[in-house]
Amino acid sequence: VVLAGLLLMLPFQAVASSGSHARKVDGEVVAVNTYDTPNTIVLRTMTGHNRELIIGATVDSAATIKRGTQPVSLSDIQVGEQVMLSYVKTPDGLVARSIKVR
């Protein structure tokens with residue numbers, strides 16, 4: 001699973017999150033890995049310049065995952081679904097704070 005570091009070049013919506021800066025991105029799920037630790041999710045999204053960007057984030061137990069208003073687990077998310085991913089950038093990579101399945 002590839003973690004994309006190109007996110008700094010994109011205009012994303014920022015929100016406050018526990019003293020760090022969280023960002024949000026909409027995208028299509030291209031991979032979910034619940035077999036390895038840490039669990040990961042990978043999305044495909046389009047930049048403002050109409051370029052495809054692949055974004056990967058680790059998903060730990062602190063992340064909230066919902067389909068509509070119902071909590072679900074990461075393993076319930078299928079490739080091809082549209083999600084809104086809220087994440088923070090850490091020295092170890094991107095870490096999901098919330099995932100909302102559309």
Side-chain angles (χ1 to χ4, degrees):
V1 178
V2 177
L3 295 177
L6 300 174
L7 296 173
L8 296 175
M9 297 186 294
L10 300 174
F12 290 105
Q13 180 180 12
V15 296
S17 171
S18 309
S20 19
H21 225 80
R23 298 177 184 266
K24 291 184 180 181
V25 63
D26 283 309
E28 176 185 350
V29 177
V30 294
V32 174
N33 183 347
T34 58
Y35 298 106
D36 297 318
T37 302
N39 290 189
T40 55
I41 188 166
V42 181
L43 307 179
R44 176 185 1 225
T45 188
M46 299 301 284
T47 69
H49 300 291
N50 207 26
R51 292 187 181 163
E52 184 177 272
L53 178 66
I54 303 297
I55 299 168
T58 60
V59 183
D60 60 24
S61 61
T64 59
I65 306 170
K66 292 187 177 184
R67 182 182 308 276
T69 59
Q70 298 298 311
V72 295
S73 68
L74 184 62
S75 62
D76 293 326
I77 298 175
Q78 302 296 312
V79 170
E81 290 190 291
Q82 295 293 316
V83 300
M84 163 82 67
L85 171 68
S86 173
Y87 65 90
V88 293
K89 185 175 180 182
T90 71
D92 295 325
L94 305 181
V95 177
R97 290 292 174 241
S98 68
I99 301 169
K100 295 179 184 174
V101 183
R102 304 219 182 258

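Just so it is clear, the model here is predicted, and its values are computed rather than measured.
Looking at heavy atoms from C-beta onward, E52 lies in side-chain contact with M46 at the 4.5 angstrom threshold. By the 4.5 Å heavy-atom criterion applied to side chains, L43 and V29 are counted as neighbours.
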Distance-only criterion, 3.5 Å: show the donor-acceptor pairs between side-chain atoms of residues 71-79 and protein atoms not counting sequence neighbours.
| residue | atom | partner | partner atom | Å |
| --- | --- | --- | --- | --- |
| S73 | OG | S75 | OG | 2.9 |
| S73 | OG | D76 | OD2 | 3.2 |
| D76 | OD2 | S73 | N | 3.0 |

Go through the steps to decide whether T58 and D92 satisfy the test side-chain contact (heavy atoms from CB on, under 4.5 Å), and finish with yes or no.
CA-CA 10 Å; T58 60; D92 295 325; over 6 Å; no

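In this structure, the side chain of N50 does not engage the main chain of T47 through any donor-acceptor pair within 3.5 Å.
Of the inter-residue distances, the one linking K24 atom NZ with S98 atom OG reads 6.5 Å to the nearest 0.5 angstrom. To the nearest 0.5 Å, atoms CG (L53) and OG1 (T45) are separated by 7.0 Å. The distance from the CD1 atom of I41 to the OG1 atom of T34 is 11.0 Å, given to the nearest 0.5 Å.
The only option from R44, R102, R67 that meets the salt bridge (charged side-chain N to carboxylate O under 4.0 Å, His left out) definition with E81 turns out to be R67.
Legend: residues meeting salt bridge (charged side-chain N to carboxylate O under 4.0 Å, His left out) with R51, ordered by chain and number and at least two apart, are absent.
For the pair A57 and L85, the tightest heavy-atom approach, listed with the atom from each and the gap, is CB-CD2, 4.2 Å. Nearest approach of A63 to A96, heavy atoms of both residues: CB-O, 3.6 Å.
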